[in-house]
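Here's the structure we're looking at; comments come further down.
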Amino acid sequence: MLLTETGRKIFLGVFVFFGFLWGIGNAPLFDEDEGFFAEGTREMAVGGDFISTFVNQEQRFDKPPLTNWLQYGSAQLFGWNEFAMRLPSCLASVAWMLLIYLFTKKKLGEKTAFFATLIAASSLQITIVGKAALADGLLNMALTGAMFSLFEIIHHYNRKYIWAFYVFTGIGFLAKGPIAVLIPGAVFMIYLVKWKSWNSILRLFSPIGILLFILIAAPWYILEYQQSGEAFISGFFLNHNVNRFQTAFEGHYGGILYFVPVLLLGLLPFTAIILKSLSKIGYIWSKKWLSFLLIWFLFVFILFSLSGTKLHHYIIYGYSPLCVLGGWYAAGNNRLPVVWPAFVLLILLTVIPFAIPQVIPKIDDAYTLDVLQGVSAEFDNYYTAYMAALLVILVIVWVKKDWDNQWRMGITGFVILFTINILWMPRLGALLQEPVKEAALTAKKRGHKNVVIFNHYNPSFHFYSGLYAEEREPLAGEIVFARKHRLKDFTVQEVFYDKYGITLAKIAEQAK
């Protein structure tokens, strides 16, 4: 049975809702990044300062505050919880998928738009990062809207696309900074060189468009500079932007091929289809719309491969064009590698919890060992039964090669989303972050006012406890939040909380 155009729209609506909005409050905030943004938002509300961002009372210049502002508004409606902190990113990701669908439909047809959006919403890395309490959902939505609008500007004078370009770029600049301008600007110039469309440069000089960008992005930058002065310039522009490219910032380093395995894993379950599309690179390079997509991806890939700082989510800025190319290939080919990549992934995710006992003797990190001791409790028999059922579904789809690719890809995508949303992320959260949350709530319930954090960084502790804490070695008589093995050289008088390597305790005296 083939899906009609209306059927495809309904299917995509349900798919995107399940991918980005279902159960977004079911896992604790993950450290460092989610905890960092959420705590920054909480301290904005507590301090009444919505210009500067503070985490544990330390001013930070990592990102502009658009995400924090939206999280604050969400918290006013839904409370200070995981759902409220993640909702702005999730809604931005839904808009991101809508932009992919609308622009792909305009350029390549509705069926291609269906496949492109399905691939994007299914992708392992997009569905994880896109609904996290971070700025990346907002940036990718804004970047995608800006890039699609930019292509229209190059080939047609249309004021609505010119204005849309500046609005999207302004949103991206307020969400994450200069990268929102760098990528469109660089891709624009490379594309002009290839196709010699020089006259389109003049179309970008729109007084109304520039004014829209300034109205959206400039006020915060001006106010932050007035409030923080040179510390803002050096902290935000030089340290967190220029230095990130020049050096391995905060220990996030990697070789020039760092993003190759990230791409192969992050685009699952449809990595093979996207790679198949790139086998037509000669044809892609000869077509204006397709070459624009290819230039977009290649610039992002090369830029961040050369960057000193390597973070896995950087490459997502080039995922939208890859998903459109994958959709273009899927719409024109019947024989597609749909199931086997997802099957391999699910086999691995099924086996990993049971392989843990085999690797424990080879691990010498005490905290990791404490965490791994809890794997069997979280990844229980219910998990095994669910994974077995999902594998059976994939086998059925695999053998039913006469089924239309719309159904085969749709069912495979749902299997991946169910695995991530229902089975993996809540259990991973329970294993890694629930102890931090519970320790924080214990400290809050017991009325501890002075807590020391010893030798690790969990900003979500501040969010859940509402407490500030000194980050140093604890003294006799103090309450300390720490990884359990860090306290082996201290005499603990009383333990208030202890689970999976995380402890909240009172120090009696130092043994050494």
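- Checking side-chain atoms of Asn421 against main-chain N and O of Gly23 turns up no donor-acceptor pair under 3.5 Å.
- Just one residue in the list Lys437, Glu82, Glu438 forms a side-chain hydrogen bond (donor to acceptor under 3.5 Å, both in side chains) with Tyr464, and that residue is Glu82.
- In plain terms, the two heavy atoms of Ile216 and Ile171 that are nearest each other are CG2-N, 3.9 Å.
- Using a cutoff of 4.0 Å between basic side-chain nitrogens and carboxylate oxygens, Glu152 and Lys160 are not scored as salt-bridged.
- Minimum interatomic distance between Ile162 and Ile153 (heavy atoms only, all atoms of both residues): CA-CD1, 3.6 Å.
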Query raised in the report: Are Leu150 and Leu204 close enough, and set up right, to give a side-chain contact (heavy atoms from CB on, under 4.5 Å), and what steps lead you there?
Result: CA-CA 9 Å; Leu150 184 60; Leu204 278 179; 4.1 Å; yes

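- Checked by atom type and distance alone, the side chain of Gln433 pairs as donor or acceptor with a backbone atom of Leu29 at under 3.5 Å.
- Contact check for Leu325 versus Ile274: no side-chain heavy atoms found under the 4.5 Å cut-off.
- Residues Asp498 and Ile502 form no side-chain contact, since every pair of their non-hydrogen atoms from C-beta on lies 4.5 Å or further apart.
- A 6.0 Å sphere centred on OH of Tyr386 holds no more than 12 heavy atoms belonging to other residues, nucleotides or ligands.
- Proximity of a side-chain donor or acceptor of Trp328 to a complementary backbone N or O of Ala116 within less than 3.5 Å is not detected.
- In this structure, the side chain of Thr169 engages the main chain of Phe165 through a donor-acceptor pair within 3.5 Å.
- In this structure, the side chains of Leu138 and Leu174 stay at 4.5 Å or more apart for every pair of heavy atoms.
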Report task. With side-chain contact (heavy atoms from CB on, under 4.5 Å) as the test, would you mind laying out the steps for Met409 and Ile119 before giving the verdict? Result -> CA-CA 8 Å; Met409 290 178 65; Ile119 290 171; 3.7 Å; yes

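- Remark: Lys400 NZ is loosely packed, at most 12 non-hydrogen atoms of other residues, nucleotides or ligands lying under 6.0 Å away.
- Within the 4.5 Å cutoff, the side chain of Tyr191 has heavy atoms near those of the Ser291 side chain.
- With contacts defined as side-chain heavy-atom distances shorter than 4.5 Å, the pair Met147/Phe103 does not qualify.
- Within 6.0 Å of NZ in Lys484 there are 12 or fewer heavy atoms belonging to other residues, nucleotides or ligands.
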Query raised in the report: When you look at Phe15 and Phe20, which way does the ring-ring contact (aromatic ring centres under 6.0 Å, His included) test go after all the steps?
Result: CA-CA 9 Å; Phe15 195 91; Phe20 293 104; 9.0 Å; no

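- When only modelled atom types and interatomic distance are considered, Thr67 and Lys63 share no side-chain donor-acceptor pair under 3.5 Å.
- Of the possible polar contacts, none joining the Asn405 side chain to the Arg408 backbone as a donor-acceptor pair under 3.5 Å is found.
- Applying the side-chain contact (heavy atoms from CB on, under 4.5 Å) test to Phe17 and every residue at least two apart in sequence or in another chain returns Leu21, Trp22.
- Phe114 has its side chain out of reach of Lys9: every pair of non-hydrogen atoms, C-beta onward, lies at least 4.5 Å apart.
- Nearest approach of Leu192 to Ser200, heavy atoms of both residues: CD2-OG, 3.3 Å.
- In this structure, Phe83 CZ and Ser74 OG are separated by 6.5 Å, a value rounded to the nearest 0.5 Å.
- The shortest distance between side-chain heavy atoms of Lys288 and Phe151 falls below 4.5 Å.
- For the pair Arg483 and Tyr367, the cation-pi test (distance below 6.0 Å, angle within 45°) is passed.
- Aromatic ring pairs are classed by plane angle as parallel below 30°, tilted from 30° to 60° and perpendicular above 60°; the pair Phe259 and Tyr314 is tilted.
- With rounding to the nearest 0.5 angstrom, the CD1 atom of Ile411 is 13.0 Å from the CD1 atom of Ile416.
- Residue Ser122 comes nearest to Pro269 through the heavy atom pair O-CD, 3.6 Å, listed as atom of the first residue, atom of the second, then distance.
- Shortest non-hydrogen contact noted between Ser286 and Trp195 is O-CH2, 3.4 Å.
- Atom CH2 in Trp96 sits 10.5 Å away from atom CG in Leu99 (nearest 0.5 Å).
- Closest non-hydrogen pair, Gly410 versus Phe11, comes out as CA-CZ, 3.5 Å.
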Requested in this report: Give the C-alpha distance, both sets of side-chain angles, the deciding distance and a yes or no for ring-ring contact (aromatic ring centres under 6.0 Å, His included) between Trp296 and Phe148.
Outcome: CA-CA 11 Å; Trp296 176 0; Phe148 288 157; 5.7 Å; yes

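- Using modelled atom types and a 3.5 Å distance limit, the side chains of Gln125 and His313 yield no donor-acceptor pair.
- Side-chain contact between Pro337 and Phe270: absent, with no pair of heavy atoms (C-beta onward) separated by less than 4.5 Å.
- In this structure a side-chain-to-backbone donor-acceptor pair under 3.5 Å is missing from Arg42 to Ala38.
- Under the 3.5 Å distance criterion, the side-chain polar atoms of Arg203 are matched with a main-chain donor or acceptor of Ile154.
- Side chains of Tyr500 and Gln373: a donor-acceptor N/O pair is absent below 3.5 angstrom, by distance only.
- By the 4.0 Å N-to-carboxylate-O rule, Asp370 lies too far from Lys499 to be salt-bridged with it.
- Distance NZ/Lys107 to OG1/Thr112: 13.5 Å, rounded to 0.5 Å.
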Report task. Any chance you could lay out the side-chain contact (heavy atoms from CB on, under 4.5 Å) test for Leu390 and Leu423, step after step, and finish with the verdict? Result -> CA-CA 11 Å; Leu390 293 175; Leu423 300 182; 3.8 Å; yes

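- A donor-acceptor pair under 3.5 Å is absent between the side-chain atoms of Thr104 and the main chain of Ala113, judged by distance alone.
- Only one option out of Phe297, Phe304, Phe299 pairs with Phe301 in a ring pair (Phe, Tyr, Trp, His ring centres under 6.0 Å); it is Phe297.
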Report task. Go through the steps to decide whether Thr419 and Leu345 satisfy the test side-chain contact (heavy atoms from CB on, under 4.5 Å), and finish with yes or no. Result -> CA-CA 10 Å; Thr419 302; Leu345 176 62; over 6 Å; no

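- In summary, the side chains of Thr144 and Ser320 do present a donor paired with an acceptor at a separation below 3.5 Å, with no hydrogens or angles considered.
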**Report entry** Evaluation steps, salt bridge (Lys or Arg N to Asp or Glu O under 4.0 Å), between Arg86 and Glu34
**Finding:** CA-CA 9 Å; Arg86 290 179 177 134; Glu34 282 198 308; 2.8 Å; yes

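- Once rounded to the nearest 0.5 Å, the distance linking CG of Leu143 with CD1 of Ile183 reads 5.0 Å.
- Asn458 places no side-chain N or O within donor-acceptor distance of the main-chain N or O of Phe461, the cut-off being under 3.5 Å.
- Checked by atom type and distance alone, the side chain of Ser279 pairs as donor or acceptor with a backbone atom of Lys276 at under 3.5 Å.
- To the nearest 0.5 Å, atoms OH (Tyr317) and CD1 (Ile315) are separated by 10.5 Å.
- A salt bridge links Lys105 to Glu5: one of the charged nitrogens lies within less than 4.0 Å of a carboxylate oxygen.
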